[in-house]
Amino acid sequence: MDNINKTVERLKKEDGKILLATHHNPDGDGIGSMLALYLFLKEKGKNVRMAMKDPVPHIYDFLPEVDRIEKLPLPDSFDLAVVLDAAGFYRVDAPVQAKEYMRIDHHIDGVQESENDYVDPEAAATTVVVGRLLKEWDENSIDHRIATCLYTGLLTDTNSFRHNNVNEEAFEFARYLVSKGVNPSQVASLVFERNKPAVIHLLNKALSTLQIDYGGKIASLSVRREFIEGTGASEEDTEGFVNFARSLDGVEVAFIIIQKEDRKTWRVSLRGKGRINVQKIAKRFGGGGHRDAAGCRIEGDEKTVKEKLIGAIKEEIEKQSKVSV
Ligand SMILES: [Mn+2]
């Protein structure tokens, strides 16, 4: 674990222009971490802005100050740029100009952006890491708005407290955030229960592609571009679809491949159930993530991409099964 005081002191010291950023295809943890830190730094009188490459998924549009998130790239240069919930600035997928860079995160591996980075792969979410920083700095400035952003990241990144990185601290942090005014059922409802019919139609098409391999240990789904276009849903609506593949009895690794607009690139989301480390699978294709949730991108046609993945997953299951015995 990095030195939390160094990170806090560096942020305190900055009187110039600060930019907060998160990864492309942003999720609840990236957006929640960025918004929480933004609200806190604003409260402390800092000159701070937020930006990311892709739009805010509609399920997170209820979060405070979400409309202030700008679109990257920006023409401006900053004194300090902080990337949240990403293994490095490369995950932002757009240029960011700054005199100094910093990373606040919980991904395994990744780039050291500065000596002031604060990264803890044991943390269930980046919002847990951000929560530690804010508590260290000034606990009294954590209001219900900041707490709601932090809770949203914790809820979504743990797949509703199901991943294997859900530990005592995750529940203690959740309890703390509720004490700060978070309404858990309201947040869950806003995040998970505002689907449009087009999303269910897209899910229906994705589920029809279910493929089971390796004696039931691997389950996969595909979302072809024509599914997205045909239903009027959007790519971000596929969030969570992979969990249907993971939910099957006996499955050890589940994945979904989502065809990008160029039709040759597929975005891959891998999920484990605690036994197989899927981060190692994603890493083989230049991606990364966590033990139970990781991602990468692969180019090719659907069949080839699936075959490559299934081959790599089989190898990892065999390799990791040997190690764990
Ligand atoms: Mn995260």
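No hydrogens, no waters, no symmetry mates; every other heavy atom, side chains included, goes into these values. Atoms within a ligand are numbered from 1 in the order they appear, just like the ligands themselves. This one's a predicted model, so the numbers in the text were calculated from it and none came from an experiment.
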Salt bridge present between [X] and [Y] (N-O < 4.0 angstrom):
{"X": "Lys319", "Y": "Glu316", "answer": "yes"}
{"X": "Lys12", "Y": "Glu136", "answer": "no"}
{"X": "Asp79", "Y": "Lys17", "answer": "no"}

Non-neighbouring partners of Arg68 that pass salt bridge (charged side-chain N to carboxylate O under 4.0 Å, His left out), sequence neighbours left out: Glu65
Polar protein atoms near the Mn ion (ligand 1) [N, O or S; cut-off under 2.8 Å]: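 Less than 2.8 Å away from the Mn ion (ligand 1) sit Asp29 OD2, Asp85 OD1, His106 NE2, Asp157 OD2.
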Residue pair Lys280 / Gln320, side-chain donor-acceptor N/O under 3.5 Å: no
Phe161 and Phe171 aromatic ring geometry - parallel, tilted or perpendicular at 30°/60° bounds: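 The rings of Phe171 and Phe161 lie parallel, inter-plane angle below 30°.
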